[in-house]
There are 2 protein chains.
Amino acid sequence: MQVNNKVREMRQARHITQVKMAEELGITRQTINAIEKGRYNPSLELAFRLLAYFDVPFEQLFYIEEE
Amino acid sequence: MQVNNKVREMRQARHITQVKMAEELGITRQTINAIEKGRYNPSLELAFRLLAYFDVPFEQLFYIEEE
DNA sequence: TATTGGTGTAAAGGTACCTTTACACGTGGA
DNA sequence: TCCACGTGTAAAGGTACCTTTACACCAATA
């Protein structure tokens with residue numbers, strides 16, 4: 001069971017850079033990059049902040065890649 | 001910003017013990033207890049497993065307690 | 001009384017998440 | 001060419017998540 005996300009798609013659709021997004025979210029660019037690249041999953045708290053940032057429901061940003 | 005959950009309510013509404021739930025989810029009872037008591041938030045992956053276990057949408061199990 | 005079931009919690013160890021600092025590469029514009 | 005911008009990634013350190021092992025308390029029941 002693998003959690004995937006659409007952070008990169010959402011971000012690019014809004015023409016926002018990783019830098020700008022990191023500043024607005026108050027996290028580091030490295031964290032955004034790692035999440036976009038699937039190196040690790042965000043914490044539940046950061047997940048909530050991402051939902052609010054993109055203003056989308058949970059299911060639209062995170063999904064399961066079955067094994 | 002504080003993430004809260006309704007794991008205990010969901011579990012009790014289904015008359016399931018922490019022990020049984022832990023076994024069925026393949027995690028430890030301590031983890032369930034800690035999440036119910038708010039000692040820490042589940043990882044995103046475990047959050048997904050909890051949603052599937054209770055068969056509820058994200059918003060019904062997790063919510064934000066604003067500061 | 002003794003036992004069982006359900007729950008609360010602590011300590012120690014491993015891994016995941018997130019930070020700071022830093023270096024690197026490609027592209028586009030001055 | 002030079003520089004700025006956007007992105008990728010690594011290393012080290014701190015905290016959060018989750019495990020195993022263990023002990024404890026309370027309520028119900030034999």
Side-chain angles (χ1 to χ4, degrees):
Chain A
M1 182 167 152
Q2 175 64 37
V3 180
N4 285 350
N5 69 77
K6 294 195 166 69
V7 169
R8 170 151 302 185
E9 294 88 319
M10 291 286 171
R11 179 177 62 78
Q12 290 182 336
R14 287 161 175 75
H15 301 95
I16 301 171
T17 67
Q18 289 180 349
V19 173
K20 177 173 170 59
M21 188 175 155
E23 286 168 353
E24 294 179 335
L25 278 170
I27 59 175
T28 65
R29 180 177 67 82
Q30 285 79 348
T31 295
I32 293 178
N33 191 274
I35 290 170
E36 287 188 354
K37 303 290 279 186
R39 288 215 299 274
Y40 54 71
N41 296 125
S43 65
L44 200 52
E45 190 199 326
L46 180 49
F48 262 106
R49 311 221 318 258
L50 292 169
L51 297 182
Y53 185 74
F54 290 130
D55 192 29
V56 292
F58 181 80
E59 297 75 18
Q60 235 166 61
L61 196 53
F62 300 103
Y63 60 99
I64 290 294
E65 190 81 19
E66 296 293 349
E67 305 283 87
Chain B
M1 182 169 153
Q2 176 63 38
V3 180
N4 284 351
N5 69 76
K6 294 196 165 70
V7 169
R8 171 150 301 187
E9 295 89 318
M10 291 286 171
R11 179 177 63 77
Q12 290 182 337
R14 286 162 176 73
H15 302 95
I16 302 171
T17 67
Q18 289 180 350
V19 173
K20 178 173 169 57
M21 188 175 155
E23 286 167 354
E24 293 178 336
L25 278 170
I27 59 177
T28 66
R29 179 176 67 83
Q30 285 79 349
T31 295
I32 293 178
N33 190 275
I35 290 169
E36 287 188 354
K37 304 290 279 185
R39 287 215 300 273
Y40 53 72
N41 295 125
S43 66
L44 200 52
E45 189 199 327
L46 180 50
F48 261 106
R49 304 204 347 241
L50 292 169
L51 296 182
Y53 184 74
F54 291 129
D55 192 28
V56 292
F58 182 78
E59 298 75 17
Q60 223 160 35
L61 196 54
F62 300 104
Y63 60 98
I64 290 294
E65 190 82 18
E66 296 293 348
E67 306 281 88

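To find a chain, count down the sequence lines: A is the first, B the second, and so on, and within it residues start at 1. Remember, predicted model here, so these are calculated numbers, not experimental data.
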Nearest-Å distance for atom pair CZ/C1', residues A/R8 and D/dG6: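 After rounding, the reported distance stands at 10 Å.
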
Please report, rounded to the nearest Å, how far the P atom of C/dG5 is from the CD1 atom of B/I16.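 From B/I16 CD1 to C/dG5 P: 18 Å.
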
Checking side chain to side chain contact (heavy atoms under 4.5 Å, CB included) for the pair A/T31/A/L25: CA distance, chi angles, key distance, verdict? CA-CA 11 Å; A/T31 295; A/L25 278 170; over 6 Å; no

Does a nitrogen or oxygen in the side chain of B/N33 sit under 4.0 Å from OP1 or OP2 of C/dT7? no

I want to check one thing: is the phosphate of D/dG6, taken as OP1 and OP2, less than 4.0 Å away from some side-chain N or O of A/R11? no

Scan nucleotides 16-30 of chain D nucleotide by nucleotide, 5' to 3', and note B when protein non-hydrogen atoms come under 4.0 Å of the base, S if they reach only the sugar-phosphate, - if neither. -SBBBBB--------

On a heavy-atom basis, which atom in B/K6 and which in B/Q60 lie closest, and how many Å separate them?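 Closest pair (atom of B/K6, atom of B/Q60, distance): CD-O, 3.8 Å.
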
Nearest atoms (heavy-atom pairs only) where A/N5 meets A/E36: OD1-CA, 4.4 Å

Report the residues that fulfil side-chain hydrogen bond (donor to acceptor under 3.5 Å, both in side chains) with B/N33, sequence neighbours left out, ordered by chain and then residue number. B/Q18

Could you walk me through whether B/F62 and A/F48 pass side chain to side chain contact (heavy atoms under 4.5 Å, CB included), step by step? CA-CA 9 Å; B/F62 300 104; A/F48 262 106; 3.9 Å; yes

With clusters defined by side-chain heavy atoms of hydrophobic residues (ILVMFWY) lying less than 4.5 Å apart, directly or transitively, does A/Y63 cluster with A/F54? no

